[in-house]
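One-based numbering, in listed order, for ligands and for the atoms of each.
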Amino acid sequence: MPLDAKIPGGPLAQKWDRHRFELKLVNPANKRKFEIIVVGTGLAGGSASATLAELGYDVKTFCIQDSPRRAHSIAAQGGINAAKNYPNDGDSIWRLFYDTVKGGDFRSREANVYRLAQLSNDIIDHCVAQGIPFARDYGGLLANRSFGGAQVSRTFYARGQTGQQLLLGAYSALSRQIGAGKVKMFERREMLDLVVINGQARGIIVRNLVTGQIERHDSHAVVLCTGGYGNVFFLSTNAMASNVTAAYRAYKRGAYFANPCFTQIHPTCIPVHGAYQSKLTLMSESLRNDGRVWVPKNPGDKRSPQQIPESDRDYFLEEKYPSFGNLVPRDVASRNAKEQCDMGKGVGATGLAVYLDFENAIYRDTKAVIEKKYGNLFQMYEKITGEDPYQTPMRIYPAVHYTMGGLWVDYNLMSSIDGLFVMGEANFSDHGANRLGASALMQGLADGYFIVPYTIGGYLAGAQFPEVNTDHSAFKDAEHDAQSRLNKLLSINGKRTVDDFHKELGLIMWEYCGMARNNQGLEKAQKLVRQLRAEFWENVKVPGSAADFNQSVERVGRVADFLEFGELMIIDALARQESCGGHFNEDFQTEGHEAKRDDENFCYAAAWGFSGDDGQPQLHKEHLVFENVELTQRSYK
Ligand SMILES: Cc1cc2nc3c(=O)[nH]c(=O)nc-3n(C[C@H](O)[C@H](O)[C@H](O)COP(=O)(O)OP(=O)(O)OC[C@H]3O[C@@H](n4cnc5c(N)ncnc54)[C@H](O)[C@@H]3O)c2cc1C
C-alpha cells in the first residue's frame, strides 16, 4: 500500500509557512483541556515538553533515567548545523538542504529536509537566547567548524560538549514548566506499551523502575522521543539505556517501522579492545577538521607511527577524495577504513584501526590552539587508551553510532497511528540512508521546539476525542499483556544471562548486517537470530524479582525486543536489493567500491507493518519524489 506523507503543495520554500497557516489552531483557553504524553527527555522530548507546556497544554513527561538531563543526548560532542553563513563561505538554506539530501544518498523526503534547513537558523537563535555557551570567534560572532559531507563551515559547537549544553537549555525550559505545574515529570519509568483506542493513541503503560509497579497513563496524544536503537548491536556509542522497546511496542500496536536497516557506522571511535567491553567511545567527527587519517602504505608494517616516514604513509581519504578529503561523510569514511584494514594495512594489536594524526595541525596551529578546540576529547582518549594523542596519533575504527531508521511519520511527524507523534532519533526522520554529522541535534530540536507545537495543534483541533480514562478495557488489556510478558520472562530461570544473549545477538548483527552486508550473510543471520530468540525464551536467567529496582528486569525486556527487532532489520536489508548510504550490500557497488543505488526500483522509504507474531511484516512504500534536486551518483571526489 503506498503511504501518504501529507506533504503540503506549493513551492518547496513556501510549504512550511503555508502549512502552518492552514493548520487548525487550538485557542489558548482550550489548550489546557488537552493532555499530552511525551516519552523521552533528550533534545527532542525535552524541547517538545517545554514548548507544549509553554503553549498551555498539560504535559506528562516520562524518562528512564533518574533525571531528565541524563538522557543520551548529553553525550553529543561535536556540534549542531545551521545555515547562518556566518563565515561567509557560501552557505545557504538551499546548500544545507542539498548537502543533507545528497548526504542521505537520496533516500529522504525533500519537503522535510528543506523545512529542517529553514528551521536550523531559528534553533541557533533560540538556544543563544537560552544562554547556550556556543564557541565564539575573536570578534564575538558564534564560531563554526566543518563536519563531513559539507564544504562550508556551518557547525555550531560548545567545545566537545554541545549535546550537554543544548540539553541543559532544554532541561532548564522543562524545569520551569515542572515548577509551573504544567509538566508532570515521571522519572525512572519505562514505557512498555502504547494504548490505542478507536485507532487513536490514548495513553501508555509504564513500569516504575524503582517500585516495579506497572502504571497506566491516559492522554489525548502521545509523543515518542525515545531515541535510537543502535544498542541492538550490543557494542555501540549509544548510552547503555538506549533501546528500541517503546518504538517496537508501538510498531506492534500498528505504527509502521521505516528503513530499520539504515544504521550509521561512525568512522572515528576508539577500537574494540576486549571481550568484556560493554560500551564504545566516540571520538567526535569534529576532529577530522584537523586530524589526518592514514595507514602504513605496506600491509603488515608493524613500525610505530613515528618510525613510518611520510613516503610510507597512505592518507587514503585525502588521496581518493581530494575535494572533501578527511571530511567525507561517515558511511564513506567508515567503508574506506574497513577496506584498508581488510587489505592488512590496519594498525594496533588487532589490525582493526587506522590513525587519526594531529602532528601537522599542532605544528601549524600550536598545541594550545588544538587543546582549546578539542581538549576534553583528547583527555577522554588518553584516559581510555593510556596514550597521549598530542604525542602519538589516535587509533580509531568505525562503530555503530546512530540509526536512521525509526517509526514512519508523515510531514506532521505523526505516525501511522492517529495521535502518535514520533520525534528525534526515534522517527525514520530526515536523514535518508546516511546522516551527516551535526544534523541529529538539529533535527531533534527542530522537531521539539518548532514543528510539533504546530502540528499537534492541528491534530487536536481536528480530531474527535471520546471520553476515555485508564479504566477502559484497552488499558486493562495492555497492562495485563505487559505484566504477563514480564512474569513469563522471570519464570524461565534458565542458565544464560541477559547480557550473554545480547552480546551474541550483537555479534550476529555486526557480522552480517553491519558495515557491509550480502544476501547470503543476511539469510544466515535471519536463521541465527531466530535460533537465538528461541533459546532466549527457554534459557534466559533473570536474577532477583520484578517487585523492586532490578536492572536485569529492565534489560531482559529490552533484549527480548531487540531479538525480534533484529530480524526486522535483516528483513528490511534483504528487501532492499541496492546499496545506499549506511546500507552497503556488497553485491551492489560501483567499480570504485561506492554504494550503487537502484533508483528505478528502490527510491522509496520502506515502512513495515506488524502482522502478528507468526506473520511476515507487511511492506508499505512511501515513494520519494525528487522535484528539486537531481538524483545522481554521490561523489565526494
Ligand atoms: C557519542 C555520541 C555523540 C554524538 N554527537 C553528536 C553531535 O555532535 N551532533 C549531532 O547532531 N548528533 C550527535 N549524536 C547523535 C545525537 O546525540 C542523538 O541522535 C540525539 O541526541 C538523540 O536525541 P533524542 O532526543 O532523539 O533521544 P535521546 O537523547 O536518546 O533520548 C531518549 C529519551 O527517551 C527515554 N526513553 C527511551 N526509551 C524509553 C522507554 N521505553 N520508556 C521511557 N523513556 C524512554 C530516555 O530515558 C531518554 O530520556 C551523537 C551520538 C552519540 C552516541
Has [X] got its NZ or CZ under 6.0 Å from the middle of the six-membered ring of [Y], at an angle within 45 degrees of the ring axis?
X    : Y    : result
K102 : F97  : no
R107 : F262 : no
R435 : Y402 : yes

State the atoms of ligand 1, each with its element, that fall below the 4.0 Å cut-off from a heavy-atom position in [X].
X    : value
G42  : 25 (O), 29 (O), 31 (O), 49 (O)
C225 : 32 (C), 33 (C), 34 (O)
R189 : 42 (N), 43 (C)
Y402 : 19 (O)
R435 : 10 (C), 11 (O), 12 (N), 14 (N), 15 (C)
Q65  : 46 (C), 47 (O), 48 (C), 49 (O)
G424 : 26 (O)
V39  : 42 (N), 43 (C), 44 (N)

Under a 4.0 Å heavy-atom limit, does [X] contact ligand 1 with its side chain, its backbone, both, or neither?
X    : result
L192 : neither
A239 : neither
E554 : neither
T41  : both

Assess whether atom [atom1] of [X] is packed by more than 12 heavy atoms of other residues, nucleotides or ligands within 6.0 Å.
X    : atom1 : answer
F186 : CZ    : yes
K503 : NZ    : yes
K279 : NZ    : yes

What residue and heavy atom of the protein are closest to [atom], and at what distance?
atom                    : answer
atom 52 (C) of ligand 1 : H401 CE1, 3.1 Å
atom 27 (O) of ligand 1 : G227 CA, 3.4 Å
atom 38 (N) of ligand 1 : N243 ND2, 3.2 Å
atom 20 (C) of ligand 1 : S73 OG, 3.8 Å
atom 13 (C) of ligand 1 : A76 CB, 3.8 Å
atom 19 (O) of ligand 1 : E425 OE1, 2.6 Å
atom 9 (N) of ligand 1  : G79 O, 2.8 Å
atom 40 (C) of ligand 1 : M191 N, 3.5 Å

For [X] and ligand 1, answer yes if some heavy atom of the residue is under 4.0 Å from a ligand atom, otherwise no.
X    : answer
I80  : no
A75  : yes
G228 : no
A438 : yes
S242 : no

Out of Q443, H72, R69, R70, indicate the one that has the non-hydrogen atom closest to atom 30 (O) of ligand 1.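 Nearest option to atom 30 (O) of ligand 1, by heavy atoms: H72.
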
Do E190 and R207 sit within salt-bridge range, that is, some charged N less than 4.0 Å from a carboxylate O?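 Salt bridge: no.
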
Sidechain N-carboxylate O distance under 4.0 Å for D218, R202: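 Salt bridge absent between D218 and R202.
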
Do you see a donor-acceptor pair shorter than 3.5 Å between the side chains of [X] and [Y]?
X    : Y    : result
Q264 : H266 : no
E425 : T403 : yes
N81  : T155 : yes
E554 : N243 : no
Q161 : Q77  : no

Residues in side chain to side chain donor-acceptor pair (under 3.5 Å) contact with N238, at least two apart in sequence or another chain: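 None.
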
Polar-atom distance check: [X] versus ligand 1, any N or O pair below 3.5 Å?
X    : value
Q77  : yes
G40  : no
A426 : no
A44  : yes
G78  : yes
L441 : yes
C63  : no

S47 (side chain) donor-acceptor with A44 (main chain) under 3.5 angstrom: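 Yes.
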
Between S92 (side chain only) and R95 (backbone N and O only), is there a donor and an acceptor less than 3.5 Å apart?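 Yes; at least one donor-acceptor contact below 3.5 Å.
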
Identified salt bridge (charged side-chain N to carboxylate O under 4.0 Å, His left out) partner of D561 from the options K252, R555, R485: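 Option passing the salt bridge (charged side-chain N to carboxylate O under 4.0 Å, His left out) with D561: R485.
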
Would you name the heavy atoms of I417 and A255 that are closest together and state the gap between them?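 Reported closest heavy-atom pair: CD1-N, 3.4 Å.
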
By the definition ring-ring contact (aromatic ring centres under 6.0 Å, His included), identify the one residue from W408, F565, Y248 that meets it with F257.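 Exactly one pass, corresponding to F565.
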
